[in-house]
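In listed order, ligands and their atoms are each counted from 1.
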Amino acid sequence: MDGRLEREITYLKGVGPKKAEIFKKVGVETVYDLLQYCPRDYIDLSEPTELAKLRPGDEEPAAVRVRLVKKLPAAYVRKGLTISKAVFTDDTADVTVTLYNQEYTFGNMKEDRQYVLYGKVTGSLLRAEMSSPMIFPGDSEDLIVPVYPLTEGLNQNFLRKEVKAALDLLGDDSPDIMPQYLLDEIKLPSLKYAWENVHFPRSVYSAVEARRRLIFDEFFIYSLAIAYRRSTSDELSDYVMKRHSMKPFKEILPFSMTQAQMNACADCGFDMMSGRRMNRLIQGDVGSGKTVVAACMAYFTFKNGYQSCLMAPTEILASQHYETFKKYLEPFGARVCLLSGGLRPKQKKETLAGIADGSYDVAVGTHALFYDDVQFKDLALVITDEQHRFGVEQRKKLSAKGRRPHTIVMSATPIPRTLALMLYGDLSVSVINELPAGRKPVQTYAVSGKMRERAYGFVKKQLDAGHQGFIVCPAVEESELDIKDAKSYYEELSRGAFAGYRLGLLYGKLPAADKQAVMDAFKEGALDLLVATTVVEVGVDVPNATIMIVENADRFGLSQLHQLRGRVGRGGDEAFCVLITDNTSPENVKRMKAISGTNDGFKVAEEDLRLRGPGDFFGTQQHGLPAFKIADLTRDIPLLEKAQKLSAEVIEQDPKLTRGRNRDLSRMVQELLRRGSEIS
Ligand code: ADP
Ligand code: MG
């Protein structure tokens, strides 16, 4: 690369400071950026239609190859509005074209010359018209015309002109950002070819082929920046742990850990002794027993004389984890506290003081742990449960609390590794791919609302056999929409179908103490059936629960449904999940089939990702994935994999990108990091 690509956009003729400002809004600052600014679509002029075949009112615009017969006199309507008209023909029919305020274009057009018009036909069969069509000279070689995404102050012609100018500037010896040794490896078109064919393709096929190269570059520079940052940042740990046998911990458990659980513990232990800071994702399907692994690592940290904390996305889950941690850690003399939003001021003050002076070894809590008044004495391990519910910023804030604590994030949503790399940089992953012995798959059925009564009957059978169940609704309050809301459904069921059973109502906004009371009652078996919103989605652990009904199941994501049904069948008894939905769209039918057909969370997640794309996949909350300009994280995953693999190789050979042959790449990476794009 010789600097031409890095020239500021104002270097191009026709781009002054004003236009540069507008360009900046769409992320274009340099010549390189402009060339990477891809058309959102193309107009194909290569196969014009005969005018006689077009019908006024046709929905699709069409291209016609015509000759200018006659210009009609321009009409000056009022200040700021001049109308020009001209008649064209292709010898099958005539068309009258109207242009507004385009005297200049109009003036340059010559009678008897060929033009290609692109637009919609209006008027009548006898008198076809086109209003403001795009007009191209008939001898133009560009038969496939790019259509760019616009913003105020940018128009198509201007963009086409400037992109052409940029390509001309580069000329025949157009530089490539990829050094030759990598170009040989990626087996994609050269950058020059790619740009020419993305902007002015010879065929739609060549545009697609060319775009692959640009997508690859976008992924590659991004992945390289992540890998580079990881390799240059000081990741040494402030907490180098010593070996401690985990055997005493294992021995107090009421069950023996699965091999997969033990492997995950070993991975973490090894990381924490390595001298480098641990950054590990533990993925395990619902019910695979991630909590015990977390407790084991808190034990290990305690044995090393440091504090750890566990953060959960809901109060219910936090208090449940708190109970578990107390049970497994107190026998060793560790002190565990719960920091929740529901604490009274005095309790809270004591808890905070205990965390700060180190009398608590383990703190469990919700986002309350983020607050600035929480200070730890010596926080060496931060565990986050169900991490995708937390924003990236929140996570960073918490790890900033210790010096440089080790981190574990636990997720039941199997994030494909490619995406995980995007979210967390270069993290290590342990997968718990084994359920505790004796677990049976949750039998899942999707049915229509007509089957509701039968479903109730089925639930009653389970309850009569001494089991418990859930009914999950998508909303809390009644609304205009025809969806079940927990509050009125609870009333309805208590008086109707489930009169005589002990029902509970649970939803997110319920005061913390009430929520706790309901959960406790359900856990102790004092309630038979819990009518709830998705607050039960994560972590609620009641082994005696064997049946769940989900109302308006089409309103939930597949991964979410999988999480939900993971609330039942945790005790080894056969368990059931009935999904009720009246949505008969092919898409929903496909989704319901997918979820009923497998109990494998990884498969469900893959399907979910495929059907909804990564944005929705992670829920409506900020998912932390970068916004790519050209690449699409759903469609282009194979290119992403390729880019990640190659960038890892480059960094492995040249960790700080100082070698001559990587000089251009290093500059691209610095530029990306300078612009502060949201690299996690
Ligand atoms: P998740 O991975 O979904 O967070 P949990 O940690 O909540 O799963 O564990 C689910 C249930 O399985 C809990 O009741 C837990 O005590 C139990 N459990 C965990 N590990 C084992 C095991 N190895 N054998 C038997 N039961 C286990
Ligand atoms: Mg869990």
Engineer: Suppose I only count heavy atoms of Val286 and a 4.0 Å limit; which atoms of ligand 1 are within that range?
Structural biologist: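 Those qualifying, in numeric order: 3 (O).
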Engineer: Would you call the rings of Tyr445 and Phe576 parallel, tilted or perpendicular, where under 30° means parallel and over 60° means perpendicular?
Structural biologist: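 Tyr445 and Phe576: parallel rings.
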Engineer: Determine the interplanar angle of the Phe522 and Phe470 rings, folded into 0 to 90°, and report it as parallel if under 30°, tilted if 30 to 60°, perpendicular if over 60°.
Structural biologist: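 It falls in the tilted class, 30° to 60°.
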Engineer: Going by an N to O cut-off under 4.0 Å, is there a salt bridge joining Asp361 and Arg335?
Structural biologist: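 Looking at Asp361 and Arg335, the cut-off is not met.
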Engineer: Quick check on contacts: which atoms of ligand 1 are under 4.0 angstrom from a heavy atom of Gly287?
Structural biologist: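 Per the distance check, 1 (P), 2 (O), 3 (O), 8 (O).
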Engineer: Is Pro543 close to ligand 1, meaning an N/O of one under 3.5 Å from an N/O of the other?
Structural biologist: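 No - when backbone and side-chain N and O of Pro543 are compared with those of ligand 1, no distance drops under 3.5 Å.
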Engineer: Do other residues, nucleotides or ligands put more than 12 heavy atoms under 6.0 Å from the CD atom of Glu587?
Structural biologist: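 No, the 6.0 Å shell around CD holds no more than 12 heavy atoms from other groups.
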Engineer: In ligand 1, which numbered atoms sit nearer than 4.0 Å to a non-hydrogen atom of Thr258?
Structural biologist: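 What qualifies from ligand 1 is 23 (N).
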Engineer: Check the angle between the aromatic planes of Tyr489 and Tyr456 and answer parallel, tilted or perpendicular using the 30° and 60° thresholds.
Structural biologist: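 Rings of Tyr489 and Tyr456: tilted, as their planes differ by 30° to 60°.
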Engineer: Heavy atom under 4.0 Å from ligand 1: found in Arg570's side chain, backbone, both, or neither?
Structural biologist: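 The part of Arg570 near ligand 1 is the side chain, not the backbone.
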Engineer: Nearest non-hydrogen atom to atom 2 (O) of ligand 1 belongs to which of Gln320, Lys290, Lys327?
Structural biologist: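 Selected option, by shortest heavy-atom distance: Lys290.
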Engineer: Suppose we screen for side-chain contact (heavy atoms from CB on, under 4.5 Å). Which residues come up paired with Phe255, at least two apart in sequence or across chains?
Structural biologist: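 With sequence neighbours excluded, Phe255 shows a side-chain contact (heavy atoms from CB on, under 4.5 Å) to Leu253, Val292, Tyr328, given in chain and number order.
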Engineer: Under a 4.0 angstrom heavy-atom cut-off, which atoms of ligand 1 come close to Met257?
Structural biologist: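 Going through ligand 1 atom by atom, the ones under 4.0 Å from Met257 are 23 (N).
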Engineer: Is ligand 1 less than 4.0 angstrom away from at least one heavy atom of Ser288?
Structural biologist: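 True for this residue.
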Engineer: Give yes or no for whether the N/O distance cutoff of 3.5 Å, strictly under, is met between Gly289 and ligand 1.
Structural biologist: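 Yes, at least one N or O pair falls under 3.5 Å.
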Engineer: Restricting to side-chain contact (heavy atoms from CB on, under 4.5 Å), what partner residues turn up for Arg243, sequence neighbours left out?
Structural biologist: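 So Arg243 forms a side-chain contact (heavy atoms from CB on, under 4.5 Å) with Met273.
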Engineer: What atoms of ligand 1 come within less than 4.0 Å of a heavy atom belonging to Ser256?
Structural biologist: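 Those qualifying, in numeric order: 22 (C), 23 (N), 24 (N).
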Engineer: Indicate the ring-plane relationship of Tyr501 and Phe498, choosing parallel, tilted or perpendicular according to the 30° and 60° boundaries.
Structural biologist: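 Perpendicular: the ring planes of Tyr501 and Phe498 meet at over 60°.
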Engineer: Show the atoms of ligand 1 that are less than 4.0 angstrom away from any heavy atom in Thr291.
Structural biologist: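 The atoms of ligand 1 under 4.0 Å from a heavy atom of Thr291 are 4 (O), 5 (P), 6 (O), 7 (O).
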